[in-house]
Amino acid sequence: MPQPGGAQASTARDVAQDGEPRTDTEQAGPEQAGPEQAGPAGAGGSRAGAAHDGPARAGHARSGAARDDVAPVGTAQVRAVPGAGEGPSLRAVSRSEIIERARNWTDAGVPYDMTRNWSDGYRQDCSGFVSMAWNLPGSAWTGNLDDYAERIGKDELRHGDILLLHDPADPQDGSHVVIFGGWTDYTHTRYVGYEQTRPHAVRRVLDYPYPVNADRYVPHRYRALAPEGADGPGSGGPGREAAGFPGRAYFGPGAGNAHIVRLGRMLAARGGARFGTDAAGSRWTEAHRRATRAFQRAQGWAGEAADGIPGPHTWRLLVTGGGRDIPPAGTPSSHGVTGYPGRAAFRPGARNAYVARLGRQLVRKGYGRHYAVGPGPEWTDADRRAVRAFQRDQGWRGGAADGYPGPETWRRLFS
């Protein structure tokens, strides 16, 4: 049985040690720059000693993804989330760290293998991939990954969450798990996924929730996410000294250095993949400027605060996973409020996706009592009354509480 690490070489770190943080308005919060070496999970195994990739049952389309349907025999598995002192404690990890760790495997092209561990100690299958990205103490499997996570809805998905398929009643039908890397457009029908599959770890655009067995994938979120803007336990190590903002001089026309590589990857993980910064290399390009400006504008900044050159606050948000993601292409913006389509979308006779989204958010905020049915895509008096109740709870009266959402109503509802 192969020992952990096998003969493969791990990917080299692309992040150089940063200089001391600047003492500008805000300094960068520390973040782990790369994966910590987890303790070896033990040599994995499988039934019959090979990765399971058999055809699905009749009536099910066969997936092109590698299967991870049973706990590998003989593998030292991670135990459940500790309750009363049982099992290992979880390491806090930020969303940006999760994506950066996943990118280490996709960049290295780590080959799929249920029977071997990569040089960082994690098993080379889809659940081992997620275990590595979440910085678990060892390799979990699809049958217990949900012990380390909580179920969420589609609307709550953010980068670093997962889409998990596991059928305990019929494990032979196969299981799989994918890391969610962000929506590709405002329709929320396609997303960037990171997965360990045959022949090797990949980053690719996928139909939501997955091209096959779509009704069986469930979104989950890691329970030990590091608070935004904070540095949780387990994020120490070599990356701490490299977390500081290197200074604006490292970015802009003519610049070329490892910090630009890291910036490009962080921007891609925060919704900027369409700009191509993750493939731009170490030379500053127009793609970096446009992606940085899009991220800054997503925070509600304008003018010099959104000039496309990262300052200490931009860097801190990117490093720690704080702030808002870059909205998908095609997302409307009116009056400087991202996602707000304008008053014309909310008037008698209107029927569109924004009305439905508004209604769902009103229900989440506690204003569902105004709906006998729905909410739905058609503007109704129930929508107007629910909006008016929300507006009045903001202390607004008269024309400011007319039941029709303006940009400030929208911003407060979705903030």
Side-chain angles (χ1 to χ4, degrees), residues 29-36 38 78 81 90-107 120 122 126-137 140 142 145-165 176-184 188 190-196 201-206 208-210 217-235 239 243 262 264-273 278 295 298 316-328:
E31 183 205 41
Q32 175 182 337
E36 293 186 25
V78 177
V81 171
L90 294 180
R91 300 164 175 153
V93 61
S94 74
R95 294 183 181 279
S96 295
E97 288 173 338
I98 292 171
I99 298 300
E100 189 167 349
R101 292 169 70 87
R103 285 297 301 265
N104 285 329
W105 274 34
T106 60
D107 287 353
D120 55 13
Y122 291 97
C126 63
S127 52
F129 178 59
V130 171
S131 301
M132 175 277 301
W134 281 1
N135 202 15
L136 295 182
T142 53
L145 268 176
D146 59 352
D147 289 337
Y148 302 91
E150 58 184 355
R151 291 183 61 161
I152 58 175
K154 175 183 177 181
D155 291 345
E156 299 174 90
L157 275 167
R158 291 188 62 198
H159 59 287
D161 297 333
I162 64 170
L163 292 159
L164 175 64
L165 164 60
H176 191 52
V177 62
V178 185
I179 296 175
F180 180 83
W183 300 110
T184 60
H188 289 188
R190 307 191 80 198
Y191 66 98
V192 175
Y194 297 83
E195 57 179 334
Q196 177 70 342
V202 295
R203 171 190 179 277
R204 58 177 176 166
V205 174
L206 298 166
Y208 181 85
Y210 201 73
Y217 280 82
V218 180
H220 286 76
R221 174 168 297 158
Y222 183 48
R223 287 182 177 175
L225 277 177
E228 292 185 350
D231 183 38
S235 60
R262 188 181 186 197
R265 291 184 172 182
M266 291 191 296
L267 287 166
R270 299 300 302 274
D278 55 341
F295 179 77
R316 181 180 66 82
L317 292 179
L318 286 170
V319 165
T320 61
R324 299 182 180 90
D325 290 349
I326 298 171

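Please read all numbers here as calculations on a predicted model, not as lab measurements.
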Cationic N near anionic O, under 4.0 Å, Asp161 to Arg95: yes
Please determine whether a side-chain nitrogen of the Lys or Arg among Glu195 and Arg203 lies less than 4.0 Å from a carboxylate oxygen of the Asp or Glu. no
Is the distance between the ring centroids of His176 and Tyr210 less than 6.0 Å? yes
May I ask you to decide if [Y]'s main-chain N or O and [X]'s side chain share a donor-acceptor pair within less than 3.5 Å?
{"X": "Lys154", "Y": "His188", "value": "yes"}
{"X": "Arg221", "Y": "Glu156", "value": "yes"}
{"X": "Arg270", "Y": "Arg265", "value": "no"}
{"X": "Arg190", "Y": "Tyr208", "value": "no"}

Kindly determine whether Phe295 and Leu267 satisfy side-chain contact (heavy atoms from CB on, under 4.5 Å), including the steps that lead there. CA-CA 8 Å; Phe295 179 77; Leu267 287 166; 3.9 Å; yes
pair [X]-[Y]: side-chain heavy atoms closer than 4.5 Å:
{"X": "Leu136", "Y": "Leu90", "value": "yes"}
{"X": "Glu150", "Y": "His220", "value": "no"}
{"X": "His159", "Y": "Ile98", "value": "no"}
{"X": "Arg223", "Y": "Asp147", "value": "no"}
{"X": "Leu317", "Y": "Met266", "value": "no"}
{"X": "Leu163", "Y": "Val218", "value": "no"}

side-chain contact (heavy atoms from CB on, under 4.5 Å) assessment of Tyr122 paired with Gln196: CA-CA 12 Å; Tyr122 291 97; Gln196 177 70 342; over 6 Å; no
Indicate the ring-plane relationship of Trp183 and Tyr191, choosing parallel, tilted or perpendicular according to the 30° and 60° boundaries. perpendicular
[X] to [Y] - nearest heavy-atom pair and separation:
{"X": "Leu157", "Y": "Pro219", "answer": "CD2-CB, 3.8 Å"}
{"X": "Cys126", "Y": "Val177", "answer": "O-CG1, 3.4 Å"}
{"X": "Ala140", "Y": "Leu145", "answer": "CB-CD2, 3.9 Å"}

Would you give the length of the straight line joining atom [atom1] of [X] to atom [atom2] of [Y], rounded to the nearest 0.5 angstrom?
{"X": "Ile179", "Y": "Arg103", "atom1": "CD1", "atom2": "CZ", "result": "12.0 Å"}
{"X": "Ile162", "Y": "Ser127", "atom1": "CD1", "atom2": "OG", "result": "10.0 Å"}
{"X": "Arg204", "Y": "Thr106", "atom1": "CZ", "atom2": "OG1", "result": "12.5 Å"}

Test side-chain contact (heavy atoms from CB on, under 4.5 Å) applied to Leu165 and Thr142, step by step: CA-CA 7 Å; Leu165 164 60; Thr142 53; over 6 Å; no
Test side-chain contact (heavy atoms from CB on, under 4.5 Å) on Glu97 and Arg91 and set out the steps. CA-CA 12 Å; Glu97 288 173 338; Arg91 300 164 175 153; over 6 Å; no
Checking Asp146 now: which residues fulfil salt bridge (charged side-chain N to carboxylate O under 4.0 Å, His left out) with it, not counting sequence neighbours? none
List for me each residue that meets ring pair (Phe, Tyr, Trp, His ring centres under 6.0 Å) alongside Tyr222, sequence neighbours excluded, and say none if there are none. Trp134
Do other residues, nucleotides or ligands put more than 12 heavy atoms under 6.0 Å from the CZ atom of Arg151? no
